[in-house]
2 protein chains.
Amino acid sequence: MYRIGEFSELSKTTIKTLRYYEKEGLLIPSFVDSQTGYRFYETSQLPELAKIISLRQMGLSITNIKSILNGSDLEQILKLRKQELETEISLSSSQLLQINNLLEGKSMEKEVIVKELPSYTVYYKEGVIKDFRDIVNFILQSAGECKSTNPNIKCVEPDYCYVSYLDGEYKETDIKIRYAQAVTQMGIPSETIKFETLNPVKAACIYHKGAYDNLRESYSFLLKWVEENGYEIAEPIRERYIDGMWNKASEDEWLTEIQVPIRKK
Amino acid sequence: MYRIGEFSELSKTTIKTLRYYEKEGLLIPSFVDSQTGYRFYETSQLPELAKIISLRQMGLSITNIKSILNGSDLEQILKLRKQELETEISLSSSQLLQINNLLEGKSMEKEVIVKELPSYTVYYKEGVIKDFRDIVNFILQSAGECKSTNPNIKCVEPDYCYVSYLDGEYKETDIKIRYAQAVTQMGIPSETIKFETLNPVKAACIYHKGAYDNLRESYSFLLKWVEENGYEIAEPIRERYIDGMWNKASEDEWLTEIQVPIRKK
DNA sequence: ATTGACTCTCCACTTAGGGGATAAGATAAA
DNA sequence: TTTATCTTATCCCCTAAGTGGAGAGTCAAT
């Protein structure tokens with residue numbers, strides 16, 4: 001019979017931990033003095049404790065260990081833990097990759113964030129525009145056309161609308177684009193205006209502040225990030241307008257978000 | 001100006017998180033109604049928030065992010081986080097390895113635990129014995145010899161003593177062993193009894209219950225584990241006696257611990 | 001006036017124990 | 001026997017980054 005301190009020495013386990021394991025019902029001292037409350041352990045409990053420690057060593061939770069000791073299926077629990085570990089490792093690896101790229105590049109002016117874009121119901125219109133500056137007209141025209149066949153249509157709050165460039169290459173004239181605007185419900189399609197429900201998708205995103213002149217830098221920065229972090233583009237890129245000439249006078253206050261839908265390569 | 005719910009939608013961040021970031025001083029709403037307490041955010045705060053989220057995405061703590069925003073050295077903090085990640089990954093990998101080996105072998109009768117053996121001051125004696133059964137005599141004799149030159153020597157409480165086998169090979173006769181016993185302080189060495197302070201060392205350990213007949217199975221199980229989990233033997237193995245013929249009548253109650261000092265290969 | 005949607009603050013909860021305060025028991029020295 | 005030291009007991013608070021919920025106030029529409 002050993003007192004808790006001696007048993008703690010023997011097993012190289014802290015007293016706090018032993019008391020905690022008793023509270024959790026993992027390892028009950030073989031005798032407790034009802035007068036003083038002193039716990040007493042025996043050497044035969046060292047292998048019991050070793051089992052617990054060995055399971056903790058594999059990262060299993062106290063709850064899991066408890067159910068294993070109560071006769072649950074060890075193999076199943078280990079397989080679950082294995083999956084957990086695999087996701088942990090892949091997460092840590094991608095964080096490490098991100099940090100390493102950042103330390104090499106040493107450019108921290110732009111921040112890329114990965115987020116899950118939810119499902120949206122949108123109306124959209126595709127077309128070819130002569131010049132970038134025609135985008136605004138294209139958008140206004142689309143909105144008008146949609147309103148004409150769907151007079152009660154409502155945009156979501158807060159607003160979500162974007163343009164995708166559909167040419168496979170970079171062009172400065174005759175650009176094929178799609179404009180999409182999220183709405184609260186499906187409407188009646190016309191010849192030019194179609195409706196669609198977007199699937200949720202993970203996207204790498206970046207905010208672009210200011211006028212559109214150097215938007216291309218943001219694109220290339222973001223696409224480099226996607227490449228370096230082991231992703232590939234899953235769907236057309238969305239150029240999302242948050243603040244622009246329609247509500248901000250100063251070009252410096254314009255705000256655009258570039259969203260690149262991604263999947264792990 | 002957006003209310004918290006709208007800003008939460010815009011940024012894909014939960015309301016709870018936004019309030020928490022305000023409390024932590026990471027992102028203060030651009031306006032708070034002093035009457036109602038309502039928070040109001042502007043689109044210009046989206047990039048601010050993006051910076052925070054991008055740092056969180058790399059696993060940096062709120063505290064670290066706060067100091068980065070206050071102008072701390074980003075590079076240094078990233079390097080620290082990098083180290084953290086590397087240890088995290090190596091820990092998870094070794095847990096995964098352990099689980100995979102277990103799932104393959106499907107033998108869960110024995111539990112291996114890794115622990116840090118502390119520094120001990122020991123007296124020890126080396127010698128050659130004819131047969132395993134002579135170990136007991138060897139030990140008693142060593143204790144007697146030590147007492148004769150060091151009459152006031154005291155063993156540590158609880159006891160720690162072990163035998164190491166010094167032949168490079170497995171032998172059944174003429175076995176060279178070392179017996180070591182932990183004591184509370186250095187003593188005067190004699191011709192046969194020496195003193196030494198052991199360095200702390202990490203060891204893979206297993207308990208062996210019962211008589212010594214099938215001790216070899218425990219050895220081979222433990223050594224297989226060491227091999228499979230990417231370790232190598234760093235020092236002589238310690239066969240540590242906890243319960244034995246000196247205090248337990250029934251052989252079934254004997255308890256021995258095998259400790260293999262290890263290092264990562 | 002009421003309803004429903006939204007927001008506020010405050011509190012408890014999550015893991016696996018660690019730190020510390022205070023009181024009582026155990027043991028050895030004086 | 002008293003005292004001093006060591007050990008143990010219980011109890012409460014703390015961790016990181018939020019999540020969940022209760023109860024109360026706010027806002028716009030009906």
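So that the names make sense, note that chain A is the first sequence line, chain B the second, and so on, each numbered from 1. As a basis for the values below, the full set of heavy atoms in this structure was taken, side chains included, without hydrogen atoms, waters or symmetry mates.
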Q: Could you tell me whether a side-chain N or O of B:Asn150 sits under 3.5 Å from a main-chain N or O of B:Gly187, the two making a donor and an acceptor?
A: no
Q | Residue pair B:Tyr38 / B:Phe31, side-chain heavy-atom distance below 4.5 Å | A | no
Q: Starting at atom CD1 of B:Ile15, determine the distance to atom C1' of D:dG21, rounded to an integer number of angstrom.
A: 14 Å
**Q.** Nearest-angstrom distance from the residue atom CZ of B:Phe31 to P of C:dC8
**A.** 12 Å
Q. Which whole-number value in Å describes the distance from B:Tyr2 OH to C:dT7 C1'?
A. 19 Å
Q. What's the closest nucleotide to the B:Thr17 side chain, out of D:dT8, D:dT19, C:dG18?
A. D:dT19
(Q) Expressed as a whole number of angstroms, how long is the span from A:Phe40:CZ to D:dA9:C1'? (A) 12 Å
Q | Sorted by number, the residues of residues 19-29 of chain A with heavy-atom contact under 4.0 Å to DNA chain D | A | A:Arg19
Q.
Is any side-chain heavy atom of B:Leu10 closer than 4.5 Å to one of B:Tyr41?
A. no
Q. How close or far is atom P of C:dC8 from atom CG of B:Leu18, stated in whole angstroms?
A. 10 Å
Q: Quickly work out the B:Ile4 CD1 to D:dT26 C1' distance and round it to whole Å.
A: 15 Å
Q) Taking atom types as modelled and ignoring hydrogens, do the side chains of A:Thr17 and A:Thr14 form a donor-acceptor contact shorter than 3.5 angstrom? A) yes
Q) Counting only N and O atoms by type, is there a donor-acceptor contact under 3.5 Å from the side chain of A:Glu22 to the main-chain atoms of A:Arg39? A) no
**Q.** Student check: side-chain heavy atoms of B:Leu18 and B:Leu49 closer than 4.5 Å
**A.** yes
Q.
Distance check needed: D:dT7 C1' versus A:Tyr41 OH, whole Å only.
A. 14 Å
Q: Mind calculating the distance between CG (A:Leu49) and P (C:dG17) to the nearest angstrom?
A: 11 Å
Q) Does the side chain of A:Thr14 get closer than 4.0 angstrom to OP1 or OP2 of C:dG17 through an N or O atom? A) no
Q: Could you tell me whether the side chain of A:Gln259 reaches within less than 4.5 Å of the side chain of A:Glu257, counting heavy atoms only?
A: yes
Q: Please list residues of residues 56-66 of chain B whose heavy atoms come under 4.0 Å from any atom in DNA chain D, ordered by number; otherwise none.
A: B:Arg56, B:Ser61, B:Ile62
(Q) Ignoring hydrogens and geometry beyond distance, is a side-chain donor-acceptor pair present between B:Tyr160 and B:Arg238 at under 3.5 Å? (A) yes
(Q) Check whether B:Ser92 reaches the backbone of B:Ile89 with its side chain - one donor and one acceptor, N or O, closer than 3.5 Å. (A) no
Q) Can B:Asn247 and B:Glu253 be counted as having a side-chain donor-acceptor contact under 3.5 angstrom? A) no
**Q.** Contact pattern, 5' to 3', of nucleotides 21-30 of chain C - B, S or - by protein heavy atom under 4.0 Å
**A.** ----BS----
Q: Answer yes or no: does a side-chain N or O of B:Arg39 lie under 4.0 Å from OP1 or OP2 of C:dC8?
A: yes
(Q) Would you call the rings of A:Trp225 and A:Tyr231 parallel, tilted or perpendicular, taking 30° and 60° as the class edges? (A) parallel
